[in-house]
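Report on the structure given below.
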Amino acid sequence: MKKIRKAVLPVAGFGTRVLPATKTIPKEMLPVVDRPALQYVVDEAIEAGIEHFVFVTGRNKGAIEDYFDRAYELEYSLREKGKTAIYEQLDANTPKAGTMSFVRQQSALGLGHAIWCARDVIGDDPFAILLPDVLVKSDRSCLAQMVDAYNTVGGNIIAVDAVPQERVSSYGVIAPDTKSVRRDDGLIKMTGMVEKPAVKDAPSNLKITGRYILQPEIMGLLSDQEAGAGGEIQLTDAMARMMGEQDFHAFEYVGQDYDCGSKYGYFEAVMAYAQDHVEIGEQARALIKSRAQSF
């Protein structure tokens with residue numbers, strides 16, 4: 001069983017659900033308190049042991065690559081002015097040389113196509129996928145929990161979270177293997193996935209959260225995957241094909257996810273992270289409480 005060392009982060013999307021903010025700013029770079037949403041996702045992956053990041057980018061996403069580069073003039077200014085703490089924080093967030101790759105998705109052909117664009121960097125290694133508009137707040141990072149699960153059963157792991165049954169039609173949900181015993185460690189063997197099913201037809205109330213660990217054979221399937229929903233190459237379609245050949249487990253992680261690709265989800269994330277922020281947490285909690293009492 002190979003170690004999970006690489007992660008793919010698809011960041012080429014337009015961010016249409018949070019326009020007009022994303023007209024000139026990549027949605028992944030929108031700040032959640034004092035850092036881009038993308039930084040939280042990268043930190044999650046680093047905690048899980050990821051050593052190499054593959055960003056699948058598109059036009060007008062240069063700010064992402066610049067963010068992970070050195071800013072010599074800024075760093076020099078901070079040192080000269082004695083702002084050591086800020087400088088050290090920036091320095092700590094700067095990745096080591098050679099640990100990040102950036103590949104282009106020239107056309108918006110879907111998530112499956114975006115993942116396929118990373119095929120040469122991934123090679124024959126199993127890898128993680130983190131959708132960067134989903135933040136997962138937890139004591140131990142969501143992906144780290146998934147890697148623990150992978151080290152137990154191998155194969156392919158999909159992060160899931162239970163939602164009220166009446167809301168399943170808003171998500172992709174997994175179909176659990178009814179013949180398999182539900183494990184105490186959060187792992188559930190699965191037989192399929194359904195995208196936004198009708199409430200009465202949903203095979204479960206476990207929604208797919210935007211974190212995956214997949215075997216490299218998925219790339220071969222994506223290479224000839226036909227367009228699916230929305231006329232796009234869907235990752236879920238290729239995974240459904242691979243389920244006939246490899247084991248897939250859903251994993252119920254411990255944590256709370258926030259959809260920063262939507263305006264409400266982004267607002268919710270900012271409030272949640274502000275309340276636990278080391279500098280402004282106490283003030284944020286007091287402000288939220290006072291605002292709530294005024295309604």
Side-chain angles (χ1 to χ4, degrees), residues 3-11 15 21-22 24-57 61-102 121 128 130-148 211 253-258 260 266-288:
K3 181 182 177 182
I4 306 300
R5 298 177 47 253
K6 300 176 182 178
V8 178
L9 286 78
V11 295
T22 49
T24 57
I25 302 172
K27 65 178 179 179
E28 300 84 5
M29 297 302 293
L30 292 175
V32 176
V33 189
D34 60 353
R35 65 200 64 200
L38 184 58
Q39 182 68 63
Y40 293 94
V41 179
V42 169
D43 289 345
E44 174 188 336
I46 291 173
E47 184 181 332
I50 295 301
E51 301 171 10
H52 194 103
F53 293 83
V54 188
F55 294 90
V56 182
T57 71
K61 294 289 184 126
I64 294 174
E65 192 166 354
D66 290 342
Y67 174 78
F68 290 106
D69 201 353
R70 301 212 75 98
Y72 292 104
E73 298 88 349
L74 174 59
E75 293 172 6
Y76 175 80
S77 177
L78 291 173
R79 290 196 302 268
E80 286 295 298
K81 294 178 180 179
K83 297 183 178 180
T84 307
I86 302 176
Y87 166 75
E88 290 178 348
Q89 183 180 35
L90 289 179
D91 186 60
N93 288 338
T94 302
K96 294 180 181 179
T99 59
M100 291 190 169
S101 299
F102 295 82
V121 185
L130 299 96
L131 302 191
D133 52 3
V134 177
L135 300 188
V136 182
K137 197 170 186 298
S138 55
D139 292 333
R140 179 164 170 74
S141 89
C142 176
L143 187 61
Q145 296 176 52
M146 293 176 67
V147 168
D148 291 343
R211 301 288 188 270
Y253 61 91
V254 178
Q256 176 62 53
D257 66 291
Y258 300 95
C260 289
Y266 173 70
F267 175 67
E268 190 178 21
V270 171
M271 286 203 305
Y273 282 89
Q275 291 182 73
D276 289 336
H277 193 276
V278 65
E279 294 178 25
I280 66 166
E282 185 176 345
Q283 294 168 292
R285 290 190 296 271
L287 177 62
I288 292 170

Inset, instruction - Check the side chains of Asn93 and Gln89 for a donor-acceptor pair under 3.5 angstrom, ignoring hydrogens and angles. - result: no
Inset, instruction - Hey, could you give me the CZ/OG1 distance between Arg70 and Thr94, rounded to the nearest 0.5 Å? - result: 4.5 Å
Inset, instruction - Kindly state whether the ring of Phe53 and the ring of Phe68 have centres lying under 6.0 angstrom apart. - result: no
Determine whether a donor-acceptor pair (N or O, by modelled atom type, separation under 3.5 Å) exists between the side chain of [X] and the backbone of [Y].
X      : Y      : value
Ser141 : Glu47  : no
Gln145 : Arg140 : yes
Tyr273 : Tyr40  : no
Arg79  : Thr84  : no
Glu75  : Asp91  : no
Arg285 : Gln275 : yes

Inset, instruction - Run the numbers on Lys137 and Asp276 for salt bridge (Lys or Arg N to Asp or Glu O under 4.0 Å), then give the verdict. - result: CA-CA 10 Å; Lys137 197 170 186 298; Asp276 289 336; 2.3 Å; yes
Search all heavy atoms of [X] against all heavy atoms of [Y] and return the closest pair with its distance.
X     : Y      : answer
Val32 : Ala269 : CG1-O, 4.0 Å
Val42 : Met100 : CG1-CE, 4.4 Å
Pro26 : Thr24  : CD-O, 4.0 Å
Val11 : Lys61  : O-NZ, 2.7 Å

Inset, instruction - Please determine which of Glu28, Arg35, Gln39 meets the side chain to side chain donor-acceptor pair (under 3.5 Å) test together with Tyr67. - result: Gln39
